[in-house]
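Notes follow once the structure below has been shown.
Both ligands and their constituent atoms are indexed starting at 1 by order of listing.
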Amino acid sequence: MAQRVAGSDGGSKKTSRVRVAVRLRPYMCGQDDPSEQPCVRGLDSQNLEIINWRNAMETVKYHFDVFHGEQTTQQEVFLTSVKPILPHILNGQNASVFAYGPTGAGKTHTMLGTGEQPGVIPRAVREVFNLVRAKDKAQDDGWNYSVGMSYMEIYNEKVLDLLSPNSPDLPIREDKDKNILIPGLTHTTLSSFSDFEKLFVPATLNRTTASTKLNQRSSRSHAILLIKVVRTQRSLPHRQQTGKLYLVDLAGSEDNRRTGNQGIRLKESGAINLSLFTLSKVVDALNSGTAVRVPYRDSKLTRLLQDSLGGSAHSVMITNIAPEYKYYFDTFSALNFAAKSKLIVNKPFTRETVAVPVLPVKRSREEHEAAGSGT
Ligand code: ADP
Ligand code: MG
């Protein structure tokens, strides 16, 4: 799937597509009127349909690289969308996995998960250690491997070190080989998965505890875990290669203009929208297959991910969506961002939807128009 695309520096460089998966979480009873039905449903492993609010007799059908239905387990998401890219980071290549979607749709469940249902992050870190151990055991592999981590947050276009409380806004730099670096960011070597847990768990708890005090900060910031694998040749000339894996729980993609944010929160929304808006432009540019400028430099998030998103990197975006009507417009806009193609199908969503009112009646007319104009 490699394509030739003009780089942001005007030169021509090889870029690869971002694979797009969509995960629909289960319907959560009690969220809406109990008589309501889900407004979106899966069709097969690549397609889903959502009711068309403009015409209840129609559905809109979307096509993706992968569709994970509400029955999909954490293990299946990991095996299908993440595990295949991990061997590359032991060969000095970069990769990124990010969870996109509105707040409440399952990004943190997908990336972090729970003790009983661990998500992409713990599974990927365990797998990196398994891969490194397998290499260490293989006699013919002439390299020594070392694994390390950094953990940061982008909040209001500031890069903050989550392993060093009260860190200042950190700069993002590029070296002569076009590697992206963050001078001053804590980077800790790990010798096992339990080393990782000891650092990651308290840092994540701190972040989510602070969030309830600071206006749901965790839904307004991007949490970025970096796992770095450095390998060094055992014999002369002791060549070194670095592979980076970014695991990102993005800020909520909901349209904050609609929720009536004011003051500081409006400023935050603007900054979040800048990073997410730029990310959508970068992904569109990478996936368009035409020679367009990729606007990495337009936001902190995309600048940080520049060497690990597109180019020779392996990237997966997991778009999380929720089936309840209250998410309808945010689901619609997330799908329009993620879809490879869409098609309006002239048939009712379910037999019931013909008989009962299907529009979310609590929404105002302007909201319908705002959502409609963006499609
Ligand atoms: P987000 O991070 O996008 O705001 P969360 O991951 O916090 O969303 O999910 C919102 C709620 O839905 C949580 O209670 C979470 O446990 C639940 N949830 C999300 N995805 C799933 C899933 N696939 N299966 C079961 N519960 C889920
Ligand atoms: Mg979350």
Side-chain angles (χ1 to χ4, degrees), residues 20-32 38-42 45 48 64 66-82 97-123 151-155 162 200-201 203-225 247-256 258-259 261 265 268-269 272-273 275-276 279 301 316-335 337-338:
V20 179
V22 168
R23 184 182 197 184
L24 173 64
R25 75 150 163 72
Y27 190 89
M28 291 163 95
C29 298
Q31 285 230 356
D32 283 302
C39 63
V40 53
R41 69 176 168 209
S45 65
L48 66 74
F64 310 99
V66 180
F67 170 68
H68 297 296
E70 62 265 58
Q71 303 297 326
T72 312
T73 62
Q74 299 282 66
Q75 163 88 337
E76 284 162 347
V77 171
F78 173 69
L79 291 180
T80 317
S81 294
V82 182
V97 178
F98 40 102
Y100 180 91
T103 299
K107 296 181 296 298
T108 303
H109 183 79
T110 294
M111 295 308 288
L112 207 57
T114 59
E116 305 79 62
Q117 295 179 282
V120 162
I121 287 174
R123 287 172 197 270
Y151 189 26
M152 68 212 100
E153 176 180 62
I154 296 181
Y155 179 68
L162 289 173
F200 182 73
V201 173
T204 299
L205 283 178
N206 279 344
R207 178 172 178 264
T208 32
T209 314
S211 80
T212 35
K213 290 181 202 136
L214 294 167
N215 298 326
Q216 270 83 50
R217 173 170 173 152
S218 78
S219 70
R220 293 167 181 280
S221 69
H222 312 284
I224 304 165
L225 172 66
L247 298 164
V248 187
D249 187 346
L250 291 168
S253 65
E254 59 274 13
D255 184 345
N256 289 293
R258 251 201 343 251
T259 54
N261 286 325
R265 292 182 69 177
E268 288 170 11
S269 307
I272 289 161
N273 287 344
S275 269
L276 280 181
L279 178 69
L301 176 70
V316 186
M317 178 175 82
I318 304 173
T319 300
N320 291 90
I321 56 167
E324 298 87 15
Y325 269 94
K326 70 171 192 170
Y327 291 94
Y328 183 86
F329 290 100
D330 292 319
T331 301
F332 217 74
S333 66
L335 292 176
F337 167 38

Check: residues 97-107 side-chain donor-acceptor pairs under 3.5 Å, at least two apart:
| residue | atom | partner | partner atom | Å |
| --- | --- | --- | --- | --- |
| Thr103 | OG1 | Glu254 | OE1 | 3.2 |
| Thr103 | OG1 | Glu254 | OE2 | 2.7 |
| Lys107 | NZ | Gly101 | O | 3.0 |
| Lys107 | NZ | Pro102 | O | 3.1 |

Seminar exercise, completed: Separation between CG (Asp249) and OG (Ser221), nearest 0.5 Å, reads 8.5 Å

Exercise. Sequence neighbours excluded, which residues qualify as side chain to side chain contact (heavy atoms under 4.5 Å, CB included) partners of Pro118?
Worked result: Pro122, Arg123

Exercise. By side-chain hydrogen bond (donor to acceptor under 3.5 Å, both in side chains), which residues pair with Ser81, not counting sequence neighbours?
Worked result: His68

Problem set entry | CG on Leu225 to CG on Leu112, rounded to 0.5 Å | 10.0 Å

Protein N/O near ligand 1 N/O, under 3.5 Å, which pairs?
| residue | atom | partner | partner atom | Å |
| --- | --- | --- | --- | --- |
| ligand 1 | 2 (O) | Thr108 | N | 2.9 |
| ligand 1 | 2 (O) | Thr108 | OG1 | 2.8 |
| ligand 1 | 3 (O) | Ala105 | N | 3.4 |
| ligand 1 | 3 (O) | Gly106 | N | 3.1 |
| ligand 1 | 3 (O) | Lys107 | N | 2.8 |
| ligand 1 | 3 (O) | Lys107 | NZ | 2.8 |
| ligand 1 | 4 (O) | Gly104 | N | 2.6 |
| ligand 1 | 6 (O) | Thr108 | N | 3.2 |
| ligand 1 | 6 (O) | His109 | N | 2.7 |
| ligand 1 | 8 (O) | Gly106 | N | 3.0 |

Problem set entry | Spacing of Asn320 atom CG and Thr110 atom OG1 [to the nearest 0.5 Å] | 4.0 Å

Exercise. Any N/O/S atom, backbone or side chain, of Thr108 lying under 2.8 Å from the Mg ion (ligand 2)?
Worked result: yes

